[in-house]
Amino acid sequence: MKPLDHTLTLQEVQAHLATVRGDIPLHRRESKRVYSFSALPFTDQLAIWDQLWKTGTNWYIRLHAYFFLERHIKKENELREMWPVIVHWQDQVDDWGLCDALAKIYTKILVVMPNEVYAQLRQWNGNPNLWKRRQSMVSLLYYSRTKKQFPTFDQIEALITPLLNDKEYYVQKGVGWTMREWRSVYPAETLAWLKEHIRSVSSIAFTIAIEKLDAGTVAELKAFRKAK
(Lines give C-alpha, C1' and ligand atoms only; values in the text may rest on other atoms or scores of the structure.)
Protein backbone atom coordinates (compact mmCIF):
# COMPACT_ATOMS: atom_id res chain seq x y z
CA MET A 1 0.00 0.00 0.00
CA LYS A 2 1.28 3.43 -0.92
CA PRO A 3 2.17 5.51 2.17
CA LEU A 4 -0.11 8.42 2.88
CA ASP A 5 1.32 11.88 2.28
CA HIS A 6 1.47 13.52 5.70
CA THR A 7 0.98 16.96 4.16
CA LEU A 8 -2.24 15.80 2.57
CA THR A 9 -3.56 14.22 5.77
CA LEU A 10 -2.78 17.42 7.67
CA GLN A 11 -4.61 19.46 5.05
CA GLU A 12 -7.54 17.05 5.18
CA VAL A 13 -7.90 17.37 8.95
CA GLN A 14 -7.35 21.12 8.87
CA ALA A 15 -10.02 21.53 6.20
CA HIS A 16 -12.51 19.64 8.34
CA LEU A 17 -11.70 21.55 11.52
CA ALA A 18 -12.08 24.85 9.68
CA THR A 19 -15.77 24.02 9.31
CA VAL A 20 -16.28 23.22 13.00
CA ARG A 21 -17.55 26.18 14.97
CA GLY A 22 -18.52 25.22 18.48
CA ASP A 23 -17.59 23.89 21.88
CA ILE A 24 -15.70 20.78 22.97
CA PRO A 25 -18.76 18.47 22.80
CA LEU A 26 -19.25 19.51 19.18
CA HIS A 27 -15.60 18.78 18.43
CA ARG A 28 -15.99 15.39 20.10
CA ARG A 29 -18.88 14.56 17.80
CA GLU A 30 -17.03 15.86 14.76
CA SER A 31 -13.96 13.78 15.67
CA LYS A 32 -15.86 10.72 14.44
CA ARG A 33 -15.65 12.00 10.88
CA VAL A 34 -14.40 9.42 8.39
CA TYR A 35 -11.11 10.52 6.84
CA SER A 36 -9.26 8.98 3.94
CA PHE A 37 -7.12 7.07 6.46
CA SER A 38 -9.89 6.03 8.88
CA ALA A 39 -10.13 2.47 7.53
CA LEU A 40 -6.45 1.76 8.07
CA PRO A 41 -5.33 -0.58 10.87
CA PHE A 42 -5.04 0.99 14.31
CA THR A 43 -1.24 1.12 14.21
CA ASP A 44 -1.24 3.02 10.92
CA GLN A 45 -3.85 5.50 12.11
CA LEU A 46 -1.88 6.01 15.31
CA ALA A 47 1.22 6.84 13.30
CA ILE A 48 -0.73 9.46 11.33
CA TRP A 49 -2.21 11.08 14.43
CA ASP A 50 1.25 11.02 15.98
CA GLN A 51 2.59 13.07 13.10
CA LEU A 52 -0.38 15.42 13.26
CA TRP A 53 0.12 15.91 17.00
CA LYS A 54 3.82 16.66 16.62
CA THR A 55 3.70 18.90 13.56
CA GLY A 56 0.33 20.60 13.74
CA THR A 57 0.22 24.00 15.42
CA ASN A 58 -3.55 23.99 15.81
CA TRP A 59 -4.65 23.12 19.37
CA TYR A 60 -7.77 21.46 17.99
CA ILE A 61 -5.75 19.04 15.86
CA ARG A 62 -4.15 17.76 19.06
CA LEU A 63 -7.57 17.60 20.67
CA HIS A 64 -8.83 15.41 17.83
CA ALA A 65 -5.73 13.24 18.10
CA TYR A 66 -6.68 12.75 21.75
CA PHE A 67 -10.25 11.89 20.75
CA PHE A 68 -8.81 9.18 18.49
CA LEU A 69 -6.97 7.70 21.46
CA GLU A 70 -10.03 7.95 23.65
CA ARG A 71 -11.93 5.66 21.30
CA HIS A 72 -9.29 2.97 21.79
CA ILE A 73 -8.84 2.74 25.55
CA LYS A 74 -10.86 -0.44 26.07
CA LYS A 75 -8.48 -2.82 24.31
CA GLU A 76 -5.34 -3.78 26.20
CA ASN A 77 -3.33 -4.54 23.06
CA GLU A 78 -4.06 -1.08 21.66
CA LEU A 79 -3.15 0.58 24.96
CA ARG A 80 0.18 -1.24 24.82
CA GLU A 81 0.72 -0.13 21.22
CA MET A 82 -0.04 3.47 22.15
CA TRP A 83 2.44 3.87 24.95
CA PRO A 84 5.79 4.06 23.12
CA VAL A 85 4.22 6.56 20.72
CA ILE A 86 2.13 8.84 22.91
CA VAL A 87 4.54 8.99 25.84
CA HIS A 88 6.29 11.61 23.69
CA TRP A 89 3.12 13.63 23.18
CA GLN A 90 3.68 15.11 26.63
CA ASP A 91 6.66 16.97 25.15
CA GLN A 92 4.28 19.25 23.21
CA VAL A 93 1.89 19.90 26.10
CA ASP A 94 1.78 23.52 27.24
CA ASP A 95 -1.64 23.84 28.87
CA TRP A 96 -3.70 22.03 31.48
CA GLY A 97 -6.40 20.88 29.05
CA LEU A 98 -4.16 18.67 26.92
CA CYS A 99 -2.17 17.64 29.99
CA ASP A 100 -5.25 16.29 31.71
CA ALA A 101 -6.64 14.78 28.52
CA LEU A 102 -3.49 12.70 28.17
CA ALA A 103 -3.76 11.78 31.86
CA LYS A 104 -7.00 9.97 31.06
CA ILE A 105 -5.10 7.82 28.58
CA TYR A 106 -1.89 7.40 30.58
CA THR A 107 -3.79 6.25 33.66
CA LYS A 108 -5.43 3.47 31.64
CA ILE A 109 -2.04 2.35 30.32
CA LEU A 110 -0.66 2.45 33.87
CA VAL A 111 -3.01 -0.42 34.71
CA VAL A 112 -1.75 -2.68 31.92
CA MET A 113 1.90 -1.55 31.97
CA PRO A 114 2.42 -0.51 35.60
CA ASN A 115 6.21 -0.75 35.76
CA GLU A 116 6.93 1.09 32.52
CA VAL A 117 4.41 3.89 33.06
CA TYR A 118 5.22 4.43 36.73
CA ALA A 119 8.93 4.66 35.90
CA GLN A 120 8.12 7.41 33.39
CA LEU A 121 5.97 9.26 35.91
CA ARG A 122 8.87 9.20 38.36
CA GLN A 123 11.11 10.77 35.73
CA TRP A 124 8.56 13.48 34.98
CA ASN A 125 8.14 14.16 38.70
CA GLY A 126 11.49 15.95 38.83
CA ASN A 127 11.40 17.49 35.36
CA PRO A 128 11.89 21.27 34.94
CA ASN A 129 8.75 21.35 32.76
CA LEU A 130 5.74 22.13 34.96
CA TRP A 131 3.33 20.14 32.78
CA LYS A 132 5.44 17.01 33.14
CA ARG A 133 5.49 17.47 36.91
CA ARG A 134 1.70 17.88 36.92
CA GLN A 135 1.33 14.83 34.70
CA SER A 136 3.47 12.75 37.05
CA MET A 137 0.72 13.01 39.67
CA VAL A 138 -2.53 13.37 37.75
CA SER A 139 -1.91 10.18 35.76
CA LEU A 140 -1.58 8.15 38.95
CA LEU A 141 -5.31 8.12 39.61
CA TYR A 142 -6.96 10.61 37.24
CA TYR A 143 -10.54 10.28 38.53
CA SER A 144 -10.25 7.22 40.73
CA ARG A 145 -13.84 6.18 40.01
CA THR A 146 -12.78 5.38 36.44
CA LYS A 147 -10.28 2.75 37.61
CA LYS A 148 -10.37 -0.62 39.35
CA GLN A 149 -6.64 -0.98 39.95
CA PHE A 150 -4.45 1.62 41.62
CA PRO A 151 -0.82 2.28 42.47
CA THR A 152 0.04 1.52 46.08
CA PHE A 153 -0.29 4.16 48.78
CA ASP A 154 3.50 4.44 48.96
CA GLN A 155 3.88 4.83 45.20
CA ILE A 156 1.46 7.75 45.23
CA GLU A 157 3.10 9.34 48.26
CA ALA A 158 6.50 9.11 46.57
CA LEU A 159 5.32 11.41 43.77
CA ILE A 160 3.25 13.82 45.86
CA THR A 161 5.77 14.60 48.59
CA PRO A 162 8.51 16.05 46.32
CA LEU A 163 6.03 18.55 44.87
CA LEU A 164 4.45 19.84 48.07
CA ASN A 165 6.53 23.01 47.85
CA ASP A 166 6.40 23.42 44.08
CA LYS A 167 5.87 27.07 43.18
CA GLU A 168 3.77 26.50 40.06
CA TYR A 169 0.02 27.07 40.39
CA TYR A 170 -0.97 24.25 38.04
CA VAL A 171 1.35 21.82 39.78
CA GLN A 172 -0.28 22.66 43.10
CA LYS A 173 -3.70 22.15 41.52
CA GLY A 174 -2.44 18.72 40.46
CA VAL A 175 -1.23 18.00 43.99
CA GLY A 176 -4.66 18.81 45.37
CA TRP A 177 -6.48 16.79 42.73
CA THR A 178 -4.31 13.76 43.35
CA MET A 179 -4.72 14.06 47.13
CA ARG A 180 -8.50 14.16 46.75
CA GLU A 181 -8.51 11.01 44.61
CA TRP A 182 -5.87 9.40 46.87
CA ARG A 183 -8.24 9.93 49.78
CA SER A 184 -11.00 8.13 47.88
CA VAL A 185 -8.81 5.07 47.35
CA TYR A 186 -6.98 5.01 50.70
CA PRO A 187 -9.24 7.07 53.01
CA ALA A 188 -7.82 6.33 56.47
CA GLU A 189 -4.18 6.34 55.40
CA THR A 190 -4.52 9.54 53.39
CA LEU A 191 -6.27 11.45 56.18
CA ALA A 192 -3.56 10.39 58.60
CA TRP A 193 -0.88 11.48 56.13
CA LEU A 194 -2.63 14.78 55.52
CA LYS A 195 -2.72 15.56 59.24
CA GLU A 196 0.98 14.78 59.52
CA HIS A 197 1.96 16.97 56.57
CA ILE A 198 -0.81 19.55 56.78
CA ARG A 199 1.47 22.57 57.16
CA SER A 200 3.45 21.54 54.10
CA VAL A 201 0.35 21.44 51.88
CA SER A 202 -0.28 24.69 50.02
CA SER A 203 -3.61 26.48 50.37
CA ILE A 204 -4.30 25.73 46.69
CA ALA A 205 -3.78 22.00 47.13
CA PHE A 206 -5.51 21.86 50.51
CA THR A 207 -8.70 23.45 49.16
CA ILE A 208 -9.00 20.79 46.48
CA ALA A 209 -7.88 17.92 48.71
CA ILE A 210 -10.76 18.43 51.14
CA GLU A 211 -13.46 18.60 48.48
CA LYS A 212 -16.39 16.25 49.09
CA LEU A 213 -15.34 15.53 52.67
CA ASP A 214 -18.06 15.72 55.30
CA ALA A 215 -18.35 19.04 57.14
CA GLY A 216 -17.10 17.61 60.41
CA THR A 217 -13.87 16.27 58.92
CA VAL A 218 -13.29 19.51 57.00
CA ALA A 219 -13.69 21.52 60.20
CA GLU A 220 -11.31 19.17 62.02
CA LEU A 221 -8.65 19.46 59.31
CA LYS A 222 -8.93 23.24 59.14
CA ALA A 223 -8.59 23.50 62.90
CA PHE A 224 -5.67 21.08 62.87
CA ARG A 225 -4.01 23.09 60.09
CA LYS A 226 -4.45 26.33 61.99
CA ALA A 227 -3.11 24.88 65.24
CA LYS A 228 -0.03 23.21 63.79
Whether Y35 and W49 hold their rings parallel, tilted or perpendicular, with breakpoints at 30° and 60°: perpendicular
Under 3.5 Å donor-acceptor, Q92 side chain and W53 backbone: no
Side-chain (N77) to main-chain (R80) donor-acceptor, under 3.5 angstrom: no
Which atom of L63 lies closest to which atom of L98, heavy atoms considered: N-CD2, 4.3 Å
Worked verdict on E12 versus F37 for side-chain contact (heavy atoms from CB on, under 4.5 Å): CA-CA 10 Å; E12 183 181 1; F37 53 87; 4.1 Å; yes
T107 and V117, any side-chain heavy atoms less than 4.5 Å apart: no
Nearest-0.5 Å distance, CD of residue E30 to CG of residue L17: 9.0 Å
Co-membership, hydrophobic cluster, residues Y143 and F150, 4.5 Å side-chain: no
Evaluation steps, side-chain contact (heavy atoms from CB on, under 4.5 Å), between Y169 and L130: CA-CA 9 Å; Y169 173 78; L130 76 94; over 6 Å; no
Closest heavy-atom pair and its distance - S200, N165: O-OD1, 3.9 Å
Y186-L110 co-clustered via ILVMFWY side chain contacts under 4.5 Å: yes
Hphob cluster co-occupancy, V138 + I160, side-chain heavy atoms under 4.5 angstrom: no
Nearest-0.5 Å distance that lies between atom CZ in R183 and atom CG in L194: 9.0 Å
Check ion pair K173-E168 (N to O, under 4.0 angstrom): no
Pairing residues for H88 by the side-chain hydrogen bond (donor to acceptor under 3.5 Å, both in side chains) criterion, not counting sequence neighbours: none
Side-chain heavy-atom pair I48, D44 within 4.5 angstrom cut-off: no
Donor-acceptor contact below 3.5 Å, side chain Q155 vs main chain T152: yes
F67 ring center within less than 6.0 Å of H27 ring center: no
Ring-ring centroid check Y170 W131, cutoff 6.0 Å: yes
N129 and W124: side chain donor to acceptor below 3.5 Å: no
Expected output: side-chain K132 to main-chain L121 donor-acceptor under 3.5 Å: no
T161 side chain to E157 backbone, donor-acceptor under 3.5 Å: yes
Geometric class of the F42/H72 ring pair [parallel <30°, tilted 30-60°, perpendicular >60°]: tilted
E211 (side chain) donor-acceptor with G176 (main chain) under 3.5 angstrom: no
Donor-acceptor side-chain pairing of S139 and Q135 below 3.5 angstrom: yes
Side-chain donor or acceptor of R134 paired with backbone N/O of V171 under 3.5 Å: no
Minimum side-chain heavy-atom gap R122-Y118 below 4.5 Å: yes
Distance (rounded to the nearest 0.5 Å) between K147 NZ and E181 CD: 11.0 Å
I73 side chain near I109 side chain, heavy-atom distance below 4.5 Å: no
By salt bridge (Lys or Arg N to Asp or Glu O under 4.0 Å) - contacts of E81 (at least two apart): none
A103 backbone acceptor or donor facing D100 side chain under 3.5 Å: no
Any side-chain heavy-atom pair of I208 and M179 under 4.5 Å: no
Set of residues satisfying salt bridge (Lys or Arg N to Asp or Glu O under 4.0 Å) with respect to D50, sequence neighbours excluded: K54
L141 side chain reached by W177 side chain, heavy atoms, under 4.5 Å: no
Residue pair T190 / V185, side-chain heavy-atom distance below 4.5 Å: no
Under 3.5 Å donor-acceptor, N125 side chain and L159 backbone: yes
Closest non-hydrogen atom pair between S203 and T207, with its separation: O-OG1, 2.8 Å
Common cluster, W96/L140, ILVMFWY with side-chain heavy-atom separation under 4.5 Å: yes
Any donor-acceptor N/O pair, R225 side chain to V201 backbone, under 3.5 Å: yes
Full working for side-chain contact (heavy atoms from CB on, under 4.5 Å) between V111 and K108: CA-CA 6 Å; V111 172; K108 294 292 186 182; 5.9 Å; no
Donor-acceptor pair between R180 and S144 side chains, under 3.5 angstrom: no
Q45/S38 under side-chain hydrogen bond (donor to acceptor under 3.5 Å, both in side chains): CA gap, chis, key distance, verdict: CA-CA 7 Å; Q45 291 189 64; S38 296; 4.8 Å; no
Hydrophobic cluster identity match, I198 and W193, side-chain contacts under 4.5 Å: yes
Evaluation steps, side-chain contact (heavy atoms from CB on, under 4.5 Å), between E220 and K195: CA-CA 10 Å; E220 178 188 5; K195 288 178 179 179; 2.9 Å; yes
Minimum heavy-atom distance between C99 and Q90, given as atom pair plus value: SG-NE2, 4.1 Å
Contact check, side chains of L163 and S136, non-hydrogen atoms, under 4.5 Å: yes
Interatomic spacing from NZ in K226 to NZ in K222 - rounded to 0.5 Å: 11.5 Å
Distance (rounded to the nearest 0.5 Å) between R29 CZ and R33 CZ: 15.0 Å
Interatomic distance, F68 atom CZ to L52 atom CG [nearest 0.5 angstrom]: 10.5 Å
Smallest separation among heavy atoms of Y60 and N58, with atom names: N-OD1, 2.7 Å
Validation row, ring centre Y106 to ring centre W83 under 6.0 Å: yes
Distance flag, aromatic centroids of F153 and W182, threshold under 6.0 Å: yes
R71 vs S31, side-chain hydrogen bond (donor to acceptor under 3.5 Å, both in side chains): CA-CA, chis, key distance, verdict: CA-CA 10 Å; R71 294 194 293 273; S31 72; 3.2 Å; yes
